[in-house]
Amino acid sequence: MNQRIDGPHARSAVTVNGDLHQLPAGASLAQLLATLGHAPQAVATAVDGEFVARNSRDTFVLRPGAKITCFQAIVGG
Amino acid sequence: MDSKGDFLLADALLSSRFLLGTAGYPSPQVLRESITAAGAQVVTLGLKRQLAAGAADNGFIEIIRASGVRLLPNTAGCRSAREAVTLAHMARELLDTAWIKLEVVGDEHTLQPDPWELLEAASQLVKDGFEVFPYCTDDLVSAQRLCDAGCRILMPWGAPIGSGQGLINPWALRTLRARLPDITLIVDAGIGRPSHATQAMELGFDAVLLNSAVAQAADPVSMAHAFRLAIESGRLGYRSGLLAPQDFAAATTPVGGRPFEI
């Protein structure tokens, strides 16, 4: 379990495609993607298994422990 | 009679009845040439978790986008309706298409579709405005339920994915065609040889979707061309009226009996 730290330097831990990431508390999904270097159009996103549309990322605040998955197009049959 | 005809797939008027998968080609260039040789106007894609920003795919996706063909993303790898619905929404956003090849695997050995999860996902996605192409088995009642849920297109397997066995149950496929005359039927999976594709088209199927038989050929570009011809040939044969098999001989040369007996 992550220990919550209140105040301006509070951080929250989330996972992105299974890897642990520390974010400022209250960070949005759009901020996370920018931190990771993903262009907004380059990936599709889900949080805790639910699709989050591109135009909702700015207002989608990540809770501590959120599981984010980013997908891209690949070849397929 | 035109061997190609006009093929209405969902709301797209196509001339090609050959849908091509894009996985497993030795290079992007071979894929591009194979799409051209196939005459394909629809190709399938997948989605995968991205591992790193800007992770390279060696140019395959750029080649596919540049080819100008319609994209049919799939939900490969999904084991539940929930997963498939989520992935379909991601695909629609990423690729700007409402078409989705719906795959929900129910058995790890055969990769057989799960009919219950498939139906649940299809029902939801139709409500969400998708054009759902469900990859299903050849079971008639399952197929009817998918149609009841709003699917206009069905893609029953010929055989398990990548097995190359051809049409292992032609009777079931023939029954689907007979019982679902207004549904677009596409044989998907199991096609190993051009003759398998011809057989599917001769059964009255509207199109064929395949990947491995082309991608894994020694010469994928030539094999794509071979399948193109096979599909066109099968369709032309079907439209021309196939001779019904019978259990007795029927002389073809009109000699009128034995040549020296009057």
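Within every chain, numbering begins at 1; the chains are lettered A, B, ... in the order of the sequence lines, protein sequences first and strands thereafter. Hydrogens, waters and symmetry mates play no part in the numbers below; they use all other heavy atoms, side chains included.
Within 6.0 Å of the CG atom in B:D107, the count of heavy atoms belonging to other residues, nucleotides or ligands exceeds 12. Around CZ of B:R193, the count of heavy atoms belonging to other residues, nucleotides or ligands within 6.0 Å does not exceed 12.
When atom types are taken as modelled, the side chain of B:R70 and the backbone of B:W99 share no donor-acceptor pair closer than 3.5 angstrom. A side-chain donor-acceptor contact under 3.5 Å links B:S16 to the backbone of B:G39. Judged by distance alone, the side chain of B:T22 and the main-chain N or O of B:T44 form a donor-acceptor pair under 3.5 Å.
Nearest heavy-atom pair, B:L146 versus B:L118, reported as atom, atom and distance to 0.1 Å: CD1-CD2, 4.0 Å. Annotation for B:A84 and B:T75: closest pair O-CG2, 3.7 Å, computed over non-hydrogen atoms.
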List the steps, then state whether side chain to side chain contact (heavy atoms under 4.5 Å, CB included) holds for B:R17 with B:V208. CA-CA 6 Å; B:R17 294 173 179 271; B:V208 168; over 6 Å; no
Check the pair B:R79, B:E108 against salt bridge (Lys or Arg N to Asp or Glu O under 4.0 Å), reporting the backbone distance first and the verdict last. CA-CA 10 Å; B:R79 264 58 177 178; B:E108 298 304 320; 2.6 Å; yes
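Interface remark: A:E50 contributes backbone and side-chain atoms alike to the contact with chain B (heavy atom separation under 4.5 Å). Residue contact with chain A, scored on non-hydrogen atoms closer than 4.5 Å, is absent for B:E83. Contacts between B:L87 and chain A at a heavy-atom distance below 4.5 Å involve the side chain alone, from C-beta outward. Using a 4.5 Å cut-off between heavy atoms, B:L45 contacts chain A through both its backbone and its side chain. Only the side chain of B:I64 has a heavy atom closer than 4.5 Å to any heavy atom of chain A.
Among A:A53, A:A42, A:G49, A:A46, the residue with the largest count of heavy-atom pairs under 4.5 Å with chain B is A:G49. Between chain B and the residues A:V43, A:T69, A:V16, A:V52, the most heavy-atom pairs under 4.5 angstrom are made by A:V43. Heavy-atom pairs under 4.5 Å with chain A peak, among B:N74, B:L71, B:L47, B:N211, at B:L47.
In this structure the side chain of A:T59 never reaches within 4.5 angstrom of the side chain of A:S28, judged on heavy atoms.
Within residues 121-139 of chain B, no residue approaches chain A closer than 4.5 Å by heavy atoms.
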